[in-house]
Enquirer: 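Following this message is one structure expressed as structure tokens.
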Amino acid sequence: MAQSLDRLRESPSQTAGPYVHIGLTPNFCGIGGVYPSDLGATMVNDKTKGERIGLRIRVLDGTGTPLKDALIEIWQADADGLYNSPAELRGAADPNFFGWGRRPTDMDTGLCTFDTIKPGRVPSNDGRLMAPHITLWIVARGINLGLHTRLYFSDEEKANAGDSILARIEHRVRVPTLIAERNGDTYVFDVHLQGEKETVFFDS
């Protein structure tokens, strides 16, 4: 006779919780001695090629309140459109540009900042050049699986208009949710998790 297994129920799903910062940004949490600095905190040096820019990113919940415990990773091409990756077969990327960054949001303001460069254009699967963009991966309390999205640049109108990914977004009215606005040398980008301004997210 088959045994009833009603007592073995699925465990509740677990969000990233506070441990994402302890494991990924220990210096930020005041835990020293693991790494000299948190991995991904620095992307450029004084020899990095390209236009230096800052990114100022906020993750907003459904009420428009910034999340103060989020963590964001970014991945981008160098100034010539090459990735710092063994999978990059088109040429050698800038050795002075890391191409990947990881930063937590500030626990008081909810702001996450990166010092990086403006990326070059890279080809899509069909060979057409995509607009300059940066890929974001976001985790935080209440997010069970990391969210993927992109950041495009407000001063790249012509490139944005011909971008194959932006053209495929079902509701074109949501394209502006992927555009970062320029303010001097800094691009400002808000990621909305819910609501009318909800950011376009992509499958992982």
Enquirer: Tell me whether the centres of the aromatic rings in Tyr152 and His133 are closer together than 6.0 Å.
Expert: yes

Enquirer: With a 4.5 Å heavy-atom cut-off, do Leu147 and Val139 have their side chains touching?
Expert: no

Enquirer: Report the distance from atom CG of Asp78 to atom CD of Glu88, rounding to the nearest 0.5 Å.
Expert: 8.0 Å

Enquirer: Would the number of heavy atoms belonging to other residues, nucleotides or ligands and lying under 6.0 Å from CG of Asn45 be above 12?
Expert: yes

Enquirer: Grouping I, L, V, M, F, W and Y whenever their side-chain heavy atoms are under 4.5 Å apart, do Ile22 and Leu39 come out in a common cluster?
Expert: yes

Enquirer: Would you check if the side chain of Asp94 reaches a backbone N or O of Asn96 as a donor-acceptor pair within less than 3.5 Å?
Expert: yes

Enquirer: Measure from the side-chain N and O atoms of Glu73 to the backbone N and O of Gly101, and report whether any donor-acceptor pair falls under 3.5 Å.
Expert: no

Enquirer: Please say yes or no: joined through hydrophobic side-chain contacts below 4.5 Å, possibly via intermediate residues, are Phe201 and Leu67 part of one cluster?
Expert: yes

Enquirer: Using the rule that Ile, Leu, Val, Met, Phe, Trp and Tyr join whenever any side-chain heavy atoms are under 4.5 Å apart, tell me whether Trp75 and Met130 fall into a single cluster.
Expert: yes

Enquirer: Taking Ile138 as the fixed residue, which of Ile74, Ile72, Ile57 is the one that meets the side-chain contact (heavy atoms from CB on, under 4.5 Å) rule?
Expert: Ile72

Enquirer: Are any side-chain N or O atoms of Asp38 and backbone N or O atoms of Arg103, one a donor and one an acceptor, separated by less than 3.5 Å?
Expert: no

Enquirer: Taking atom CG of Asn183 as the centre, report whether more than 12 heavy atoms of other residues, nucleotides or ligands fall under 6.0 Å from it.
Expert: no

Enquirer: Can you tell me how far apart CG (Asn160) and OG (Ser154) are? Round to the nearest 0.5 Å.
Expert: 8.5 Å

Enquirer: Could you tell me which non-hydrogen atom of Asp190 sits nearest to which non-hydrogen atom of Thr199, and how far apart they are?
Expert: O-OG1, 3.9 Å

Enquirer: I'd like to know if Lys118 pairs up with Glu156 as an ion pair, taking the criterion as any Lys NZ or Arg NE/NH1/NH2 lying under 4.0 Å from an Asp or Glu carboxylate oxygen.
Expert: yes

Enquirer: So, for Thr25 and Pro104, which heavy atoms are closest and what is the spacing to 0.1 Å?
Expert: CG2-CD, 4.1 Å

Enquirer: Could you grab the distance from atom CZ of Phe28 to atom OG1 of Thr105, nearest 0.5 Å is fine?
Expert: 6.5 Å

Enquirer: Are any side-chain N or O atoms of Asp106 and backbone N or O atoms of Leu111, one a donor and one an acceptor, separated by less than 3.5 Å?
Expert: no

Enquirer: Could you check Thr113 against Arg56 for side chain to side chain contact (heavy atoms under 4.5 Å, CB included), going step by step and ending with a plain yes or no?
Expert: CA-CA 5 Å; Thr113 60; Arg56 194 178 75 186; 4.3 Å; yes

Enquirer: Determine whether a donor-acceptor pair (N or O, by modelled atom type, separation under 3.5 Å) exists between the side chain of Asp61 and the backbone of Gly64.
Expert: yes

Enquirer: Is Tyr35 close to Asn27 at the side-chain level, that is, under 4.5 Å between some pair of heavy atoms?
Expert: yes

Enquirer: Regarding Gln76 and Thr116, do their side chains bring together a donor and an acceptor under 3.5 Å, going by distance alone?
Expert: yes

Enquirer: Can you see which heavy atom on Pro132 is nearest to which on Ala159, and at what distance?
Expert: CD-CB, 3.9 Å

Enquirer: Using every non-hydrogen atom in the two residues, find where Val200 and Leu178 come nearest and quote the distance to one decimal.
Expert: O-CD2, 3.6 Å

Enquirer: Going by ring pair (Phe, Tyr, Trp, His ring centres under 6.0 Å), name the residues that satisfy it together with Tyr187, two or more places apart in sequence or in a different chain.
Expert: Phe153

Enquirer: Please determine whether residues Leu60 and Leu71 belong to a single hydrophobic cluster, defined as Ile, Leu, Val, Met, Phe, Trp and Tyr linked transitively by side-chain heavy-atom distances below 4.5 Å.
Expert: no

Enquirer: Is there a side chain to side chain contact (heavy atoms under 4.5 Å, CB included) between Leu136 and Arg150? Walk through the geometry before answering.
Expert: CA-CA 6 Å; Leu136 283 72; Arg150 282 186 173 190; 6.0 Å; no

Enquirer: Using the rule that Ile, Leu, Val, Met, Phe, Trp and Tyr join whenever any side-chain heavy atoms are under 4.5 Å apart, tell me whether Val59 and Leu55 fall into a single cluster.
Expert: yes

Enquirer: Between the main-chain N or O of Asp108 and the side-chain N or O of Lys68, is there a donor-acceptor pair closer than 3.5 Å?
Expert: yes

Enquirer: Might you point out which heavy atoms bring Phe202 and Ile165 nearest each other, and give the distance in Å?
Expert: CE2-CG2, 3.8 Å

Enquirer: Checking Asn84 against Phe97 for the side chain to side chain contact (heavy atoms under 4.5 Å, CB included) test, could you report, in this order, the C-alpha distance in whole Å, the side-chain angles of both residues, the deciding distance, and whether it holds?
Expert: CA-CA 8 Å; Asn84 186 350; Phe97 180 60; 5.9 Å; no

Enquirer: Supply the atom-to-atom distance His148 NE2 to Trp137 CH2, rounded to the nearest 0.5 angstrom.
Expert: 7.5 Å

Enquirer: Check whether Arg90 reaches the backbone of Gly81 with its side chain - one donor and one acceptor, N or O, closer than 3.5 Å.
Expert: yes

Enquirer: With a 4.5 Å cut-off on side-chain heavy atoms, are Val44 and Ile117 touching?
Expert: yes

Enquirer: Could you measure the distance from the CZ atom of Phe114 to the OG1 atom of Thr186? Nearest 0.5 Å is fine.
Expert: 13.5 Å

Enquirer: Nearest 0.5 Å, please: how far is OG1 in Thr177 from CD in Glu196?
Expert: 13.0 Å

Enquirer: Could you pull out the closest heavy-atom pair between His21 and Ala70, with the gap in Å?
Expert: NE2-O, 3.3 Å

Enquirer: Please determine if Lys49 and Asp80 form a salt bridge, counting it only when a charged side-chain N lies under 4.0 Å from a carboxylate O.
Expert: yes

Enquirer: Run the salt-bridge test on Arg182 and Glu157 with the 4.0 Å N-O cut-off and return the result as yes or no.
Expert: no

